[in-house]
**Q** 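Handing you this structure, nothing more for now.
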Amino acid sequence: MAKKWYVLHTYSGYENKVKSNLEHRIESMGLEDRIFDIQIPTEEVTEIKDGGRRVTSDKKVFPGYVLVRMELDDQSWSVVRNTPGVTGFVGAQGKPSPLSREEFNKIMKRTHSDAPRKTASNLSVGQSVKVVSGPLAEFDGTISEVQPDAGKVKVMVSIFGRETPVELSYDQVSRL
């Protein structure tokens with residue numbers, strides 16, 4: 001029987017608890033030869049808080065989902081399915097569908113240390129901001145675009161009576 005990766009749906013926020021519960025169940029029921037690995041994909045995200053303070057933390061790539069590598073049979077399915085916090089397997093008509101190797105690699109690629117960092121902020125399109133540093137400091141503007149992967153925003157600033165788009169980093173602006 002083949003070892004494949006399956007996706008479990010869990011109660012949101014219970015991913016770590018499900019992993020812990022499942023590890024205990026595997027050990028107590030002697031299923032180490034059928035259930036091999038459990039992953040909760042996370043990525044590092046840097047948030048810009050008010051005042052330009054940067055806070056880096058790990059965020060779940062898919063909240064409410066856990067990946068399990070296992071040989072699927074009636075016993076292993078039952079143990080996983082009846083683990084507290086698990087609401088079911090992802091698949092069509094209640095039948096678990098394994099991930100392809102490409103799908104698994106694509107998901108896990110986001111978790112590696114060389115994956116591009118994400119920057120999150122409380123900035124959004126249409127929001128009024130003040131430029132706090134750089135050559136346009138003290139100018140007010142309106143956000144026209146947010147680029148979380150780059151940690152930048154495009155702000156429409158009125159210069160000499162004309163709206164001019166300016167690309168700034170998150171820490172160069174503050175909300176009005």
Side-chain angles (χ1 to χ4, degrees), residues 1-125 127 143 145-154 169-171:
M1 198 168 260
K3 302 173 191 172
K4 296 195 175 183
W5 285 99
Y6 294 90
V7 181
L8 297 179
H9 190 261
T10 69
Y11 294 121
S12 193
Y14 281 74
E15 301 86 356
N16 293 331
K17 189 81 174 139
V18 165
K19 180 177 181 178
S20 172
N21 287 342
L22 195 48
E23 286 168 344
H24 292 308
R25 288 173 61 92
I26 291 165
E27 191 178 325
S28 68
M29 296 180 171
L31 289 174
E32 294 91 343
D33 62 335
R34 286 198 224 129
I35 304 173
F36 308 99
D37 196 4
I38 304 162
Q39 294 287 329
I40 302 169
T42 59
E43 62 188 346
E44 204 171 88
V45 175
T46 302
E47 292 183 80
I48 309 294
K49 302 289 187 181
D50 288 332
R53 194 170 46 96
R54 291 177 174 265
V55 178
T56 301
S57 62
D58 280 341
K59 299 268 193 235
K60 291 175 182 67
V61 177
F62 302 109
Y65 294 93
V66 174
L67 304 180
V68 178
R69 187 169 187 227
M70 59 190 279
E71 288 178 4
L72 189 67
D73 62 20
D74 289 344
Q75 187 181 12
S76 62
W77 177 87
S78 178
V79 166
V80 172
R81 176 67 187 90
N82 294 311
T83 299
V86 173
T87 59
F89 280 88
V90 172
Q93 289 96 37
K95 186 177 187 294
S97 298
L99 290 174
S100 68
R101 176 50 75 188
E102 294 76 34
E103 289 170 323
F104 175 77
N105 289 341
K106 197 172 179 183
I107 290 168
M108 296 311 288
K109 192 167 140 186
R110 290 176 65 174
T111 70
H112 295 303
S113 58
D114 58 350
R117 303 275 185 265
K118 285 213 168 149
T119 305
S121 78
N122 52 4
L123 301 172
S124 59
V125 172
Q127 196 171 45
I143 296 176
E145 187 180 329
V146 179
Q147 302 164 359
D149 291 341
K152 296 187 179 292
V153 288
K154 199 170 277 182
S169 64
Y170 284 169
D171 57 359

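Heads up: numbering here begins at 1 and tracks the sequence. In this text, all values refer to a predicted model and were calculated from it rather than measured experimentally. Computed over heavy atoms, backbone and side chain alike; hydrogens, waters and symmetry mates excluded.
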**Q** Tell me, yes or no, whether the heavy-atom count around Glu27 atom CD, taken from other residues, nucleotides or ligands under 6.0 Å, exceeds 12.
**A**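 12 or below, so no.
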
**Q** Carefully, step by step, assess Ile26 and Arg34 under the rule side chain to side chain contact (heavy atoms under 4.5 Å, CB included).
**A** CA-CA 9 Å; Ile26 291 165; Arg34 286 198 224 129; over 6 Å; no

**Q** With side chains defined as the heavy atoms from C-beta onward, is the minimum distance between Met70 and Val80 less than 4.5 Å?
**A**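 Side chain of Met70 against side chain of Val80, heavy atoms only: contact under 4.5 Å found.
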
**Q** What's the shortest heavy-atom distance between Glu71 and Ser76, and which atoms?
**A**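 In this case the closest contact between Glu71 and Ser76 is O-OG, 2.7 Å.
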
**Q** Does Asn82, at its CG atom, have more than 12 non-hydrogen atoms belonging to other residues, nucleotides or ligands within less than 6.0 Å?
**A**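 Counting other residues, nucleotides and ligands, CG of Asn82 exceeds 12 neighbours.
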
**Q** Can you name the nearest heavy-atom pair linking Phe36 to Lys3, along with the distance?
**A**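 Looking at all heavy atoms of both residues, the shortest contact is CE1-CG, 3.3 Å.
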
**Q** Would you call Leu22 and Leu8 a side-chain contact if the rule is heavy atoms closer than 4.5 Å?
**A**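 SC-SC contact between Leu22 and Leu8 confirmed.
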
**Q** Between Trp77 and Phe89, what is the ring plane arrangement, given parallel below 30°, perpendicular above 60°, and tilted in between?
**A**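 Rings of Trp77 and Phe89: parallel, as their planes differ by under 30°.
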
**Q** Is there any side-chain hydrogen bond (donor to acceptor under 3.5 Å, both in side chains) pair reaching into residues 7-24, and which pairs are they, with sequence neighbours excluded?
**A**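 Listed by first then second residue: His9-Thr87.
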
**Q** Assess the residue pair Asp37 and Val68 against the criterion (side chain to side chain contact (heavy atoms under 4.5 Å, CB included)); give the C-alpha distance rounded to whole Å, side-chain angles, the decisive distance to 0.1 Å, and a yes or no.
**A** CA-CA 6 Å; Asp37 196 4; Val68 178; over 6 Å; no

**Q** Is there a donor-acceptor pair closer than 3.5 Å between any side-chain N or O of Ser100 and the backbone N or O of Glu103?
**A**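 The answer is yes, because a donor-acceptor pair under 3.5 Å joins these two groups.
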
**Q** Tell me whether Lys60 at atom NZ has more than 12 heavy atoms from other residues, nucleotides or ligands lying less than 6.0 Å away.
**A**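 Correct, the count exceeds 12.
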
**Q** Step by step, work out the side chain to side chain contact (heavy atoms under 4.5 Å, CB included) result for Tyr6 and Val90.
**A** CA-CA 7 Å; Tyr6 294 90; Val90 172; over 6 Å; no

**Q** Quick one: salt bridge (Lys or Arg N to Asp or Glu O under 4.0 Å) partners of Lys59, sequence neighbours excluded?
**A**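 Applying salt bridge (Lys or Arg N to Asp or Glu O under 4.0 Å) to Lys59 gives Glu47.
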
